[in-house]
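One structure below.
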Amino acid sequence: MMEQVRLNNGVMIPKIGYGTYKATIEDGYGIVSEAIKAGYRHLDTAALYENEEDVGRAVKESGIPRSEFFITSKLARYALGYENTKREFEKTLNKLEMDYLDLYLIHWPRPDYGDAQFEDWKELDVESWRAMEELYEEGKIKAIGVSNFLPHHLEHLLEHAKIKPAVNQLELHPGYLQEEAVEYCKDKDIAMEAWSPIGRARLLKEPLLVELAEKYGISVALLCLAFDLQNGYIILPKSTHFERMEENLNADAITLEEGDMERIRSMPLAGWSGEHPDRETVR
Ligand code: A2P
């Protein structure tokens with residue numbers, strides 16, 4: 001069975017999950033079913049991905065008990081606020097056809113970028129969090145957390161939270177380390193989850209990574225995943241190919257020498273998606 005880690009509330013989470021963003025544009029049900037066949041039991045979706053129905057159906061039709069899965073979904077940024085969160089959560093459960101979630105995250109800390117109308121994002125986050133705390137206490141969610149929160153987003157939430165976030169899901173890969181956010185979360189016992197751990201394939205030709213992948217006799221994709229795992233992150237790689245889905249589950253078996261970890265840590269910015277919670281996407 002896939003190795004698991006313990007979150008700050010005692011819940012166990014598989015270290016490798018399948019990221020469903022964009023992987024499901026054409027045949028979501030088929031692709032998620034393949035991922036389950038490849039061995040994934042931790043599936044990461046979001047209201048925004050518009051594939052919660054596909055994920056729910058693939059889980060149901062796999063014939064594997066719900067209790068063997070770890071299912072994450074996320075509250076969309078446009079739906080922040082107390083009532084909205086309660087309503088959106090019910091929608092998510094209905095789409096998944098499930099009666100609980102393992103993990104529910106606030107997808108982005110603010111509704112949009114700098115629009116005066118949304119200057120109260122700090123309050124909206126706190127209101128969403130209060131709704132999520134209630135759902136958690138009712139047993140409808142096993143763990144609650146955030147995504148794309150930097151220290152200045154987390155500070156206000158932590159001041160008002162009864163329950164500390166269990167995870168923060170960030171873009172984390174060689175060439176994009178987000179060290180301040182990682183250190184901040186480590187200090188607060190908030191587990192890091194890595195989205196786009198392969199830098200959405202933008203890293204596959206990076207000379208240093210190619211050199212090191214050759215040294216270990218593995219693909220650059222696997223090297224990226226091993227780097228994140230060795231940093232202690234939970235990883236959420238995506239692939240639409242069965243053999244790569246399987247390959248990525250082996251990232252755990254690789255140990256990189258500390259000197260190589262250092263070389264990767266010191267490489268220049270690379271593979272960044274262009275997404276930042278406080279500004280419009282640049283590509
Ligand atoms: P594909 O779907 O064709 O397999 P990320 O998870 O960082 O967003 O990266 C996803 C991208 O990485 C996709 O383009 C995916 O392509 C590619 N990818 C995933 N796993 C591998 C792998 N093991 N080898 C090569 N490319 C991979």
Side-chain angles (χ1 to χ4, degrees), residues 2 13-46 48-51 54-55 58 70 72-74 105 107-108 147-148 167-178 182 192-231 233-254 256 264 267 269-276 281-283:
M2 163 73 53
I13 181 170
K15 274 188 359 190
I16 306 182
Y18 180 70
T20 66
Y21 179 55
K22 284 197 175 159
T24 55
I25 282 171
E26 279 174 18
D27 174 17
Y29 165 71
I31 288 174
V32 177
S33 297
E34 290 278 286
I36 294 171
K37 275 194 207 107
Y40 291 85
R41 295 295 177 267
H42 171 182
L43 305 173
D44 183 272
T45 180
L48 205 75
Y49 305 166
E50 297 184 345
N51 60 21
D54 292 328
V55 171
F70 189 101
T72 301
S73 194
K74 312 185 193 80
L105 309 178
H107 204 152
W108 291 88
S147 181
N148 302 302
V167 315
N168 186 11
Q169 185 181 125
L170 292 181
E171 178 177 357
L172 293 169
H173 51 71
Y176 197 60
L177 305 182
Q178 306 223 58
V182 168
M192 302 310 303
E193 290 191 330
W195 64 260
S196 268
I198 309 167
R200 240 169 251 162
R202 286 177 294 264
L203 290 173
L204 300 180
K205 293 199 170 71
E206 272 299 311
L208 173 66
L209 301 180
V210 171
E211 177 198 324
L212 291 176
E214 271 171 23
K215 169 177 167 181
Y216 289 92
I218 57 176
S219 66
V220 171
L222 221 51
L223 180 82
C224 292
L225 298 181
F227 173 77
D228 268 4
L229 284 174
Q230 218 160 306
N231 280 324
Y233 311 152
I234 296 150
I235 57 168
L236 304 165
K238 304 188 271 296
S239 178
T240 46
H241 295 87
F242 186 77
E243 63 287 357
R244 289 179 182 167
M245 292 174 182
E246 280 190 319
E247 181 190 356
N248 294 347
L249 283 172
N250 295 325
D252 222 7
I254 298 152
L256 305 177
I264 300 174
M267 71 184 261
L269 176 74
W272 179 42
S273 66
E275 303 219 40
H276 187 285
T281 301
V282 283
R283 287 189 200 281

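Whatever order the structure lists them in is the order used to number ligands and atoms, beginning at 1. Atom set for the values below is all heavy atoms of this structure, side chains included, hydrogens, waters and symmetry mates excluded.
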Gly19 near ligand 1, heavy-atom distance under 4.0 Å?
no
One finds that the ligand 1 atoms under 4.0 Å from a non-hydrogen atom of Pro237 are 6 (O)
Is there a donor-acceptor pair closer than 3.5 Å between any side-chain N or O of Glu193 and the backbone N or O of Val167?
no
Provide the number and element of each atom of ligand 1 under 4.0 Å from a heavy atom of Thr240.
1 (P), 2 (O), 3 (O), 4 (O)
Whether the side chain of Gln178 engages the backbone of Leu172 through a donor-acceptor N/O pair (distance < 3.5 Å, no angle test) should be reported.
no
Close N or O approach (Ser239, ligand 1; < 3.5 Å)
yes
Would you mind checking which non-hydrogen protein atom is closest to atom 19 (C) of ligand 1, with the distance to 0.1 Å?
Lys238 O, 3.1 Å
Protein contact to atom 7 (O) of ligand 1 [nearest heavy atom, distance to 0.1 Å]:
Ile198 N, 2.8 Å
Examine the proximity of ligand 1 to Glu247 and report which part, side chain or backbone, both or neither, has a heavy atom under 4.0 Å away.
side chain
I'd like to know if the side chain of Gln169 pairs up with that of Asp44 as donor and acceptor (distance under 3.5 Å, no hydrogens or angles considered).
yes
As an exercise, state the distance from OH of Tyr18 to CD1 of Ile31, rounded to the nearest 0.5 Å.
5.5 Å
In the protein, what heavy atom is nearest to atom 27 (C) of ligand 1, and what distance, to one decimal place, separates them?
Arg244 CD, 3.8 Å
Can you check whether Leu256's main-chain N or O pairs, donor with acceptor, with Gln230's side chain at less than 3.5 Å?
yes
Just need the protein heavy atom nearest to atom 9 (O) of ligand 1, so name the residue and atom and give the distance.
Arg200 CA, 3.3 Å
of all protein heavy atoms, closest to atom 14 (O) of ligand 1 is Ala201 CB, 3.8 Å
Is it the case that the side chain of Asn51 and the backbone of Thr20 share a donor-acceptor pair, with hydrogens and angles ignored and the cut-off at 3.5 Å?
yes
Just to be sure I read this right, does ligand 1 sit under 4.0 Å from the backbone of Cys224, its side chain, both, or neither, counting only heavy atoms?
neither
Can you list the atoms of ligand 1 that are under 4.0 Å from a heavy atom of Pro197?
6 (O), 7 (O)
Atom CD of Glu34 and atom CZ of Arg244: how far apart are they, to the nearest 0.5 Å?
14.0 Å
From atom 20 (N) of ligand 1, work out which of Val220, Leu172, Asn248 has a heavy atom at the shortest distance.
Asn248
Would you check the N or O atoms of Gly199, main chain and side chain alike, for any that come under 3.5 Å of an N or O of ligand 1?
yes
Separation between CZ of Arg200 and CH2 of Trp272, rounded to the nearest 0.5 Å:
12.5 Å
Between Ala221 and ligand 1, which part of the residue brings a heavy atom under 4.0 Å of the ligand: side chain, backbone, both or neither?
side chain
CD (Glu206) and CE (Met267) are apart, to the nearest 0.5 Å, by 4.0 Å
Which word best sums up how the rings of Trp108 and Trp195 line up, parallel for under 30°, tilted for 30 to 60°, or perpendicular for over 60°?
perpendicular
